[in-house]
Amino acid sequence: MVLLQQAGLRVLGIETSCDETGVALYDTAQGLLAQALHSQVDVHAAYGGVVPELASRDHIRRLPLLIRQTIHQADVSLQALDAIAYTAGPGLAGALLVGASVAVSMAWALKIPALPVHHLEGHLLSPLLGEDPPQYPFVALLVSGGHTQFMAVEGLGQYRLLGETVDDAAGEAFDKTAQLLGLAYPGGPALAQLARQGNPRRFTLPRPLLHSGDLNLSFSGLKTAVALLVKARPADDRADIAAAFEEAVVDVLCHKALLALQQTQLKQLVVAGGVGANQHLRRELARRLRSVGARVSFPPLELCTDNGAMIAYAGAQQLLRQPATATQGAFAVYPRWPLQRS
Ligand code: KG4
Ligand code: ZN
(Lines give C-alpha, C1' and ligand atoms only; values in the text may rest on other atoms or scores of the structure.)
(Ligands and ions follow the chains in the order given, each with its own letter.)
Protein backbone atom coordinates (compact mmCIF):
# COMPACT_ATOMS: atom_id res chain seq x y z
CA MET A 1 0.00 0.00 0.00
CA VAL A 2 1.34 3.44 -0.89
CA LEU A 3 0.83 6.01 1.82
CA LEU A 4 0.48 9.49 0.40
CA GLN A 5 2.07 12.00 2.71
CA GLN A 6 -0.12 15.02 3.31
CA ALA A 7 1.27 18.38 2.30
CA GLY A 8 1.77 20.93 5.06
CA LEU A 9 2.33 24.64 4.61
CA ARG A 10 4.59 25.26 1.67
CA VAL A 11 7.00 28.17 1.85
CA LEU A 12 9.40 29.28 -0.85
CA GLY A 13 12.56 30.84 0.62
CA ILE A 14 14.74 33.41 -1.14
CA GLU A 15 18.22 34.41 0.08
CA THR A 16 20.15 37.24 -1.59
CA SER A 17 21.86 39.08 1.28
CA CYS A 18 25.42 38.76 0.04
CA ASP A 19 27.15 36.72 -2.66
CA GLU A 20 24.99 33.60 -2.82
CA THR A 21 21.64 33.37 -4.55
CA GLY A 22 19.66 30.71 -2.70
CA VAL A 23 16.15 29.39 -3.27
CA ALA A 24 14.37 26.50 -1.53
CA LEU A 25 10.92 25.08 -0.97
CA TYR A 26 10.07 23.84 2.51
CA ASP A 27 6.94 21.93 3.45
CA THR A 28 6.05 21.87 7.16
CA ALA A 29 4.86 18.24 6.88
CA GLN A 30 7.32 16.84 4.36
CA GLY A 31 10.47 18.87 5.02
CA LEU A 32 12.74 20.32 2.38
CA LEU A 33 11.27 19.57 -1.07
CA ALA A 34 13.90 21.21 -3.26
CA GLN A 35 16.66 23.77 -3.25
CA ALA A 36 18.95 25.58 -5.66
CA LEU A 37 22.01 27.69 -5.02
CA HIS A 38 24.30 29.84 -7.11
CA SER A 39 27.59 31.10 -5.69
CA GLN A 40 29.04 34.33 -7.06
CA VAL A 41 32.63 33.40 -6.23
CA ASP A 42 33.68 33.75 -9.88
CA VAL A 43 32.10 37.20 -10.15
CA HIS A 44 34.03 38.62 -7.18
CA ALA A 45 37.28 36.59 -7.22
CA ALA A 46 39.18 39.11 -9.35
CA TYR A 47 38.46 41.86 -6.80
CA GLY A 48 39.46 39.85 -3.71
CA GLY A 49 36.09 40.47 -2.06
CA VAL A 50 32.40 41.05 -2.69
CA VAL A 51 31.57 44.03 -4.95
CA PRO A 52 28.04 45.04 -3.87
CA GLU A 53 26.83 46.35 -7.24
CA LEU A 54 28.02 43.23 -9.06
CA ALA A 55 26.33 41.09 -6.40
CA SER A 56 22.95 42.81 -6.98
CA ARG A 57 23.21 42.43 -10.74
CA ASP A 58 24.07 38.76 -10.52
CA HIS A 59 21.15 38.10 -8.12
CA ILE A 60 18.81 39.70 -10.68
CA ARG A 61 20.21 37.46 -13.39
CA ARG A 62 20.10 34.20 -11.41
CA LEU A 63 17.05 34.44 -9.19
CA PRO A 64 14.27 33.77 -11.76
CA LEU A 65 16.13 30.70 -13.06
CA LEU A 66 16.74 29.31 -9.58
CA ILE A 67 13.08 29.82 -8.61
CA ARG A 68 11.94 28.00 -11.74
CA GLN A 69 14.45 25.21 -11.09
CA THR A 70 13.31 24.79 -7.46
CA ILE A 71 9.61 24.72 -8.32
CA HIS A 72 10.27 22.26 -11.13
CA GLN A 73 12.43 19.99 -8.95
CA ALA A 74 9.80 19.95 -6.18
CA ASP A 75 7.18 19.16 -8.82
CA VAL A 76 4.62 21.58 -7.41
CA SER A 77 2.78 24.44 -9.03
CA LEU A 78 3.23 28.05 -7.97
CA GLN A 79 -0.41 27.97 -6.86
CA ALA A 80 0.54 25.36 -4.24
CA LEU A 81 2.68 27.89 -2.36
CA ASP A 82 1.36 29.22 0.96
CA ALA A 83 3.91 32.00 1.42
CA ILE A 84 7.19 33.38 0.14
CA ALA A 85 9.92 34.13 2.67
CA TYR A 86 12.87 36.38 1.86
CA THR A 87 15.93 37.70 3.65
CA ALA A 88 15.06 41.28 4.65
CA GLY A 89 18.41 41.92 6.36
CA PRO A 90 21.08 42.29 7.49
CA GLY A 91 23.18 42.34 4.33
CA LEU A 92 24.04 44.41 1.26
CA ALA A 93 21.20 46.87 0.59
CA GLY A 94 21.06 46.35 -3.19
CA ALA A 95 21.34 42.58 -2.93
CA LEU A 96 18.58 42.45 -0.30
CA LEU A 97 16.34 44.63 -2.49
CA VAL A 98 16.56 42.13 -5.35
CA GLY A 99 15.35 39.20 -3.23
CA ALA A 100 12.74 41.28 -1.42
CA SER A 101 11.23 42.79 -4.57
CA VAL A 102 11.08 39.45 -6.39
CA ALA A 103 9.55 37.72 -3.34
CA VAL A 104 6.97 40.43 -2.71
CA SER A 105 6.01 40.72 -6.40
CA MET A 106 5.52 36.97 -6.68
CA ALA A 107 3.54 36.82 -3.43
CA TRP A 108 1.41 39.76 -4.59
CA ALA A 109 0.63 38.05 -7.91
CA LEU A 110 -0.21 34.80 -6.09
CA LYS A 111 -2.20 36.62 -3.36
CA ILE A 112 -0.21 35.00 -0.55
CA PRO A 113 1.88 36.41 2.33
CA ALA A 114 5.47 37.60 1.84
CA LEU A 115 7.48 36.92 5.00
CA PRO A 116 10.56 38.99 5.86
CA VAL A 117 13.20 36.84 7.56
CA HIS A 118 16.25 37.90 9.56
CA HIS A 119 19.32 36.37 7.93
CA LEU A 120 20.87 35.42 11.28
CA GLU A 121 17.65 33.79 12.44
CA GLY A 122 17.86 31.69 9.30
CA HIS A 123 21.41 30.62 10.19
CA LEU A 124 20.46 30.07 13.80
CA LEU A 125 17.57 27.75 12.94
CA SER A 126 19.45 25.89 10.18
CA PRO A 127 20.67 23.06 12.50
CA LEU A 128 16.97 22.20 12.96
CA LEU A 129 16.99 21.10 9.31
CA GLY A 130 19.52 18.38 10.14
CA GLU A 131 18.97 14.66 10.79
CA ASP A 132 19.20 14.88 14.57
CA PRO A 133 17.78 18.34 15.32
CA PRO A 134 18.55 19.96 18.68
CA GLN A 135 15.78 20.74 21.16
CA TYR A 136 15.20 24.18 22.69
CA PRO A 137 16.70 25.69 24.78
CA PHE A 138 20.26 25.90 23.52
CA VAL A 139 23.21 28.23 23.14
CA ALA A 140 23.82 29.27 19.55
CA LEU A 141 27.22 30.25 18.23
CA LEU A 142 26.78 32.25 15.04
CA VAL A 143 30.05 32.38 13.14
CA SER A 144 29.73 33.92 9.71
CA GLY A 145 31.59 36.41 7.54
CA GLY A 146 29.73 39.34 9.09
CA HIS A 147 28.86 38.16 12.61
CA THR A 148 30.28 36.25 15.52
CA GLN A 149 28.00 36.02 18.52
CA PHE A 150 26.68 33.79 21.26
CA MET A 151 22.91 33.70 21.77
CA ALA A 152 20.76 31.97 24.35
CA VAL A 153 17.86 30.51 22.36
CA GLU A 154 14.82 29.74 24.54
CA GLY A 155 12.50 29.02 21.64
CA LEU A 156 11.48 30.35 18.25
CA GLY A 157 11.90 34.14 18.30
CA GLN A 158 13.33 34.15 21.83
CA TYR A 159 16.96 35.10 21.39
CA ARG A 160 19.16 36.71 24.03
CA LEU A 161 22.56 38.07 23.06
CA LEU A 162 25.25 36.74 25.42
CA GLY A 163 28.35 38.20 23.78
CA GLU A 164 29.84 39.04 20.42
CA THR A 165 32.99 40.11 18.63
CA VAL A 166 34.16 43.61 19.42
CA ASP A 167 35.89 43.96 16.04
CA ASP A 168 36.20 41.48 13.13
CA ALA A 169 33.87 38.52 12.67
CA ALA A 170 35.54 35.08 12.69
CA GLY A 171 34.86 34.55 8.97
CA GLU A 172 36.21 38.02 8.21
CA ALA A 173 39.38 37.14 10.15
CA PHE A 174 39.72 33.94 8.10
CA ASP A 175 39.23 35.90 4.88
CA LYS A 176 41.65 38.72 5.76
CA THR A 177 44.30 36.30 7.06
CA ALA A 178 43.95 34.21 3.91
CA GLN A 179 44.63 37.34 1.89
CA LEU A 180 47.79 38.00 3.95
CA LEU A 181 48.88 34.46 3.13
CA GLY A 182 48.34 35.11 -0.56
CA LEU A 183 45.33 32.80 -0.87
CA ALA A 184 42.52 33.46 -3.31
CA TYR A 185 39.03 34.66 -2.34
CA PRO A 186 37.00 33.21 -0.65
CA GLY A 187 39.72 32.82 1.95
CA GLY A 188 38.12 30.75 4.73
CA PRO A 189 37.99 27.35 3.02
CA ALA A 190 41.36 27.95 1.29
CA LEU A 191 43.04 28.79 4.60
CA ALA A 192 41.52 25.72 6.24
CA GLN A 193 42.88 23.57 3.43
CA LEU A 194 46.39 25.04 3.76
CA ALA A 195 46.26 24.64 7.56
CA ARG A 196 45.77 20.89 7.11
CA GLN A 197 49.34 20.64 5.79
CA GLY A 198 50.80 22.73 8.61
CA ASN A 199 51.98 22.25 12.16
CA PRO A 200 49.67 24.22 14.50
CA ARG A 201 52.22 24.18 17.34
CA ARG A 202 55.23 25.68 15.59
CA PHE A 203 54.03 29.26 16.06
CA THR A 204 51.88 30.46 18.95
CA LEU A 205 49.51 33.28 18.09
CA PRO A 206 47.64 35.44 20.63
CA ARG A 207 44.17 34.46 21.90
CA PRO A 208 42.56 37.89 22.34
CA LEU A 209 40.03 38.25 25.21
CA LEU A 210 40.49 34.56 26.12
CA HIS A 211 40.40 35.30 29.84
CA SER A 212 38.11 38.35 29.76
CA GLY A 213 35.54 36.39 31.76
CA ASP A 214 32.73 37.51 29.44
CA LEU A 215 31.49 36.15 26.14
CA ASN A 216 32.96 38.84 23.93
CA LEU A 217 35.52 37.96 21.29
CA SER A 218 38.15 39.84 19.32
CA PHE A 219 39.98 38.79 16.17
CA SER A 220 41.65 41.89 14.74
CA GLY A 221 44.82 41.55 16.87
CA LEU A 222 45.22 38.00 15.70
CA LYS A 223 45.20 39.16 12.09
CA THR A 224 47.86 41.77 12.89
CA ALA A 225 50.04 39.10 14.54
CA VAL A 226 49.76 37.01 11.38
CA ALA A 227 50.72 40.03 9.24
CA LEU A 228 53.94 40.46 11.27
CA LEU A 229 54.73 36.76 11.11
CA VAL A 230 54.16 36.60 7.36
CA LYS A 231 56.60 39.49 6.92
CA ALA A 232 59.24 37.87 9.12
CA ARG A 233 59.10 34.30 7.80
CA PRO A 234 59.84 32.70 4.43
CA ALA A 235 56.99 31.62 2.13
CA ASP A 236 57.58 27.98 3.08
CA ASP A 237 56.19 28.68 6.55
CA ARG A 238 52.75 29.66 5.28
CA ALA A 239 51.09 26.32 6.08
CA ASP A 240 52.38 26.42 9.67
CA ILE A 241 51.15 30.02 10.04
CA ALA A 242 47.72 29.06 8.64
CA ALA A 243 47.53 26.14 11.08
CA ALA A 244 48.54 28.37 14.02
CA PHE A 245 45.87 30.91 13.03
CA GLU A 246 43.16 28.28 12.72
CA GLU A 247 44.24 26.77 16.03
CA ALA A 248 44.00 30.16 17.79
CA VAL A 249 40.50 30.92 16.42
CA VAL A 250 39.23 27.43 17.24
CA ASP A 251 40.75 27.55 20.72
CA VAL A 252 39.07 30.90 21.55
CA LEU A 253 35.71 29.79 20.13
CA CYS A 254 35.82 26.50 22.10
CA HIS A 255 36.84 28.24 25.32
CA LYS A 256 34.04 30.81 25.04
CA ALA A 257 31.51 28.18 23.99
CA LEU A 258 32.23 26.24 27.19
CA LEU A 259 31.90 29.47 29.19
CA ALA A 260 28.55 30.26 27.50
CA LEU A 261 27.21 26.82 28.46
CA GLN A 262 28.49 27.23 31.99
CA GLN A 263 26.95 30.70 32.39
CA THR A 264 23.56 29.69 31.01
CA GLN A 265 23.66 26.22 32.60
CA LEU A 266 22.62 24.78 29.27
CA LYS A 267 24.00 21.52 27.90
CA GLN A 268 23.57 22.09 24.20
CA LEU A 269 25.43 24.22 21.70
CA VAL A 270 24.28 24.85 18.16
CA VAL A 271 26.78 26.22 15.65
CA ALA A 272 25.62 28.10 12.56
CA GLY A 273 27.13 30.26 9.83
CA GLY A 274 29.88 29.77 7.27
CA VAL A 275 32.75 29.16 9.71
CA GLY A 276 30.65 26.29 11.09
CA ALA A 277 31.83 24.40 7.98
CA ASN A 278 35.37 24.39 9.41
CA GLN A 279 36.29 20.78 10.16
CA HIS A 280 38.84 21.59 12.85
CA LEU A 281 36.26 23.70 14.71
CA ARG A 282 33.68 20.89 14.40
CA ARG A 283 36.06 18.26 15.76
CA GLU A 284 37.43 20.35 18.63
CA LEU A 285 34.01 21.60 19.76
CA ALA A 286 32.64 18.04 19.75
CA ARG A 287 35.66 16.79 21.74
CA ARG A 288 35.78 19.58 24.30
CA LEU A 289 32.02 19.67 24.89
CA ARG A 290 31.88 15.89 25.27
CA SER A 291 34.39 16.15 28.10
CA VAL A 292 31.91 18.28 30.10
CA GLY A 293 28.85 16.23 29.20
CA ALA A 294 27.46 18.77 26.70
CA ARG A 295 26.67 18.24 23.05
CA VAL A 296 27.07 20.26 19.89
CA SER A 297 24.94 20.25 16.72
CA PHE A 298 25.85 21.64 13.34
CA PRO A 299 23.71 22.26 10.30
CA PRO A 300 24.28 19.87 7.40
CA LEU A 301 27.55 21.03 5.80
CA GLU A 302 25.88 22.51 2.72
CA LEU A 303 23.56 24.60 4.93
CA CYS A 304 26.39 26.21 6.94
CA THR A 305 26.99 28.92 4.36
CA ASP A 306 24.20 31.10 2.94
CA ASN A 307 21.30 29.21 1.38
CA GLY A 308 17.58 29.46 0.66
CA ALA A 309 16.61 26.47 2.80
CA MET A 310 17.25 28.24 6.09
CA ILE A 311 15.12 31.20 4.94
CA ALA A 312 12.26 28.95 3.79
CA TYR A 313 12.46 27.08 7.11
CA ALA A 314 12.49 30.25 9.25
CA GLY A 315 9.58 31.65 7.23
CA ALA A 316 7.62 28.42 7.65
CA GLN A 317 8.14 28.50 11.43
CA GLN A 318 6.91 32.11 11.46
CA LEU A 319 3.82 31.10 9.54
CA LEU A 320 3.09 28.13 11.80
CA ARG A 321 3.28 30.37 14.82
CA GLN A 322 1.23 33.20 13.40
CA PRO A 323 -0.99 33.11 10.31
CA ALA A 324 -0.20 35.95 7.92
CA THR A 325 -2.33 37.84 5.40
CA ALA A 326 -1.59 38.27 1.70
CA THR A 327 1.01 40.93 0.95
CA GLN A 328 -0.20 44.40 0.02
CA GLY A 329 2.99 44.93 -1.96
CA ALA A 330 4.90 47.20 0.45
CA PHE A 331 8.27 46.09 1.83
CA ALA A 332 11.50 47.32 3.35
CA VAL A 333 15.00 45.91 3.73
CA TYR A 334 17.32 46.39 6.72
CA PRO A 335 21.04 46.30 5.85
CA ARG A 336 21.85 46.67 9.58
CA TRP A 337 19.43 44.80 11.77
CA PRO A 338 20.39 43.37 15.16
CA LEU A 339 18.72 40.05 15.96
CA GLN A 340 18.65 40.95 19.61
CA ARG A 341 20.68 43.28 21.78
CA SER A 342 21.18 42.54 25.46
O1 KG4 B 1 27.42 32.49 6.62
P2 KG4 B 1 28.22 32.84 5.43
O3 KG4 B 1 28.05 32.03 4.18
O4 KG4 B 1 27.98 34.30 4.98
C5 KG4 B 1 27.72 35.35 5.85
O6 KG4 B 1 26.52 35.51 6.23
O7 KG4 B 1 28.72 36.02 6.21
O8 KG4 B 1 29.75 32.82 5.90
C9 KG4 B 1 30.79 33.08 5.04
C10 KG4 B 1 32.09 33.04 5.83
C11 KG4 B 1 33.28 33.53 5.01
O12 KG4 B 1 34.01 34.47 5.78
C13 KG4 B 1 34.07 32.26 4.75
O14 KG4 B 1 35.45 32.49 4.61
C15 KG4 B 1 33.77 31.45 5.99
O16 KG4 B 1 32.40 31.70 6.23
N17 KG4 B 1 34.02 30.01 5.78
C18 KG4 B 1 34.96 29.31 6.43
C19 KG4 B 1 34.91 27.99 5.93
N20 KG4 B 1 33.92 27.92 4.98
C21 KG4 B 1 33.39 29.18 4.91
N22 KG4 B 1 35.84 29.69 7.38
C23 KG4 B 1 36.67 28.74 7.84
N24 KG4 B 1 36.70 27.44 7.42
C25 KG4 B 1 35.83 27.03 6.47
N26 KG4 B 1 35.85 25.76 6.05
ZN1 ZN C 1 25.17 34.21 6.27
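Note that ligands are numbered from 1 as they come in the structure, with each ligand's atoms numbered from 1 the same way.
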Exercise. Salt bridge check: are Arg202 and Asp237 linked by an N-O gap of less than 4.0 Å?
Worked result: yes

Problem set entry | Region of His123 that comes within reach of ligand 1 [heavy atoms, distance under 4.0 Å] | side chain

Problem set entry | Region of His147 that comes within reach of ligand 1 [heavy atoms, distance under 4.0 Å] | neither

Exercise. Do His255 and His211 come within less than 4.5 Å of each other through their side chains, counting heavy atoms only?
Worked result: yes

For this session: Consider ligand 1: state whether an atom of it lies below 4.0 angstrom from any non-hydrogen atom of His119.
Result: yes

For this session: Measure the distances from the heavy atoms of Cys18 to every atom of ligand 1 and state whether one is below 4.0 angstrom.
Result: no

Exercise. Which residue and non-hydrogen atom of the protein lie closest to atom 24 (N) of ligand 1, and at what distance in Å?
Worked result: Asn278 ND2, 3.0 Å

Exercise. Would Lys256 and Asp214 pass as an ion pair if we require N to O under 4.0 Å?
Worked result: yes

Problem set entry | Angle, NE2 of His119 through the Zn ion (ligand 2) to NE2 of His123 - 10° precision | 100°

Problem set entry | Step-by-step salt bridge (charged side-chain N to carboxylate O under 4.0 Å, His left out) determination, Arg207 to Asp251 | CA-CA 8 Å; Arg207 270 88 167 133; Asp251 190 27; 2.9 Å; yes

Problem set entry | Identity of the N, O or S atom of Asp306 lying closest to the Zn ion (ligand 2) | OD1

Seminar exercise, completed: Nearest non-hydrogen protein atom to atom 7 (O) of ligand 1, with distance, is Gly145 N, 2.7 Å

For this session: Answer with yes or no whether Pro186 contacts ligand 1, where contact means a heavy atom under 4.0 Å from a ligand atom.
Result: no

For this session: Kindly indicate whether the side chain of Leu191, heavy atoms from C-beta on, has any atom under 4.5 Å from the side chain of Thr177.
Result: yes

Problem set entry | Pair Asp175 + Lys223, salt bridge at N-O below 4.0 Å | no

Exercise. Counting heavy atoms only, which part of Asp306 comes closer than 4.0 Å to ligand 1: side chain, backbone, both or neither?
Worked result: both

